[in-house]
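To start, the structure itself, in structure tokens.
Every value quoted in this text rests on a predicted model; they were computed, and no experiment measured them. As a basis for the values below, the full set of heavy atoms in this structure was taken, side chains included, without hydrogen atoms, waters or symmetry mates.
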Amino acid sequence: MRIVLALFNFLAFEAAWLAAVTGGAAGRGLLLSLPVVAVVAIHLAINRNRLRSEVGLILAVTLFGILLETGFLGAGLIRYTGMTEGQVLPPVWIAALWFGFGTLPNACLAWLKGRWFLQAVLGLVSGPLTYWAGVKLGAATLPDPGAGGALFAIGVAWALALPAIFLMAEALSPAAARSAEPRVAASD
């Protein structure tokens, strides 16, 4: 059952990500962020026995993500479609994506708990790929020239960010962390 829920969480988040990103590209990011809210609501309903810790984790990841994105914007690593001149905070649809991402550490990414090296490698690779996909969908632009350097910097940031998010998950929802730890058979 845990595998089915993890697969559902992954597919639902990916569908919501696509909706929010294409919405951001089309100037309808707020409306098309609603599927992310649905993903979070379903996740909380499934995990109602850990509601307080899951809400805390989701809010912490959202705040962390907004700060990270603000850093990316300030460093000139990325620019989101539809941003106004002087805007320092990411668009609402980006915050919504981080809101949904907060469901992943104790669901479809739970297998990564305690595996710091894999978390860093996954962040290093998947972080820039996700931003590059958003650029290809028209939701953002990278600096020109310097797109490769920007993606490298985003990858390094994600290599640090993903383990930090898992540390938050351990601190804010220790029961979920224990239940998701890989089981090792005892040797005689």
Side-chain angles (χ1 to χ4, degrees), residues 13-14 16-30 32-33 36-37 39-40 54-109 112-113 115-173:
F13 177 76
E14 290 302 313
W17 179 91
L18 185 59
V21 170
T22 57
R28 294 189 311 262
L30 182 60
L32 291 175
S33 294
V36 176
V37 176
V39 167
V40 172
E54 286 299 309
V55 167
L57 176 60
I58 290 166
L59 293 177
V61 169
T62 303
L63 180 59
F64 179 85
I66 290 169
L67 293 172
L68 186 65
E69 295 290 340
T70 301
F72 289 165
L73 291 168
L77 298 176
I78 196 153
R79 177 126 179 104
Y80 294 106
T81 302
M83 288 185 65
T84 60
E85 188 63 37
Q87 182 176 343
V88 295
L89 293 175
V92 172
W93 62 271
I94 290 291
L97 288 176
W98 281 99
F99 186 62
F101 192 82
T103 68
L104 304 184
N106 289 332
C108 69
L109 295 182
L112 280 170
K113 290 195 176 188
R115 295 178 171 140
W116 310 112
F117 180 75
L118 286 176
Q119 292 167 12
V121 169
L122 183 64
L124 181 68
V125 174
S126 67
L129 286 175
T130 301
Y131 286 78
W132 181 76
V135 167
K136 291 298 178 187
L137 290 169
T141 56
L142 295 168
D144 185 35
L151 288 172
F152 178 76
I154 288 169
V156 170
W158 266 92
L160 299 171
L162 197 54
I165 289 168
F166 276 96
L167 285 173
M168 283 187 259
E170 282 181 27
L172 296 170
S173 51

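Listed here is the closest heavy atom pair of V36 and A96: CG1-O, 2.8 Å. Across every non-hydrogen atom of N106 and S173, the tightest pair is ND2-OG, 2.8 Å. Pairing each heavy atom of K113 with each of P105, the nearest pair is CE-O, 3.1 Å. Closest approach of A157 to L68, counting heavy atoms only: CB-CD1, 4.3 Å. Closest of all the heavy-atom pairs between A60 and L172 is CB-CD1, 3.6 Å. The two atoms that bring F64 and A161 nearest to each other are CE2-CB, 3.7 Å, heavy atoms only.
For the atom pair CD (E54) and CG (L59), the distance works out to 11.0 Å, reported to the nearest 0.5 Å. Taking CH2 of W17 as the reference point, atom OG1 of T22 lies at 8.5 Å (rounded to 0.5 Å). With values rounded to the nearest 0.5 angstrom, I94 atom CD1 is found 7.0 Å from I78 atom CD1.
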Working note: F72 + I154, criterion side-chain contact (heavy atoms from CB on, under 4.5 Å); need CA distance, chi angles, decisive distance, verdict. CA-CA 8 Å; F72 289 165; I154 288 169; 4.2 Å; yes
Please evaluate residues V88 and L73 with respect to the criterion side-chain contact (heavy atoms from CB on, under 4.5 Å), reporting the C-alpha separation (whole Å), side-chain torsions for both, the decisive distance (0.1 Å), and the verdict. CA-CA 7 Å; V88 295; L73 291 168; over 6 Å; no
Using residues 118-146 as the side-chain source, report each donor-acceptor pair under 3.5 Å to any protein atom, sequence neighbours left out, with the distance given to one decimal.
{"unit_1": "Q119", "atom_1": "NE2", "unit_2": "L112", "atom_2": "O", "d": "2.7"}
{"unit_1": "S126", "atom_1": "OG", "unit_2": "L122", "atom_2": "O", "d": "2.6"}
{"unit_1": "T130", "atom_1": "OG1", "unit_2": "S126", "atom_2": "O", "d": "2.8"}
{"unit_1": "Y131", "atom_1": "OH", "unit_2": "E69", "atom_2": "OE2", "d": "2.4"}
{"unit_1": "Y131", "atom_1": "OH", "unit_2": "W158", "atom_2": "NE1", "d": "3.4"}

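In this structure V61 satisfies the side chain to side chain contact (heavy atoms under 4.5 Å, CB included) test together with L57, W98, F101, I165, sequence neighbours excluded. In terms of the side chain to side chain contact (heavy atoms under 4.5 Å, CB included) criterion, residue partners of L89 (sequence neighbours excluded) are, by chain and number, I66, T70.
Of the options V39, L109, I58, a side-chain contact (heavy atoms from CB on, under 4.5 Å) to L104 is made by L109 and by none of the others.
Within 6.0 Å of the CZ atom in R28, the count of heavy atoms belonging to other residues, nucleotides or ligands does not exceed 12.
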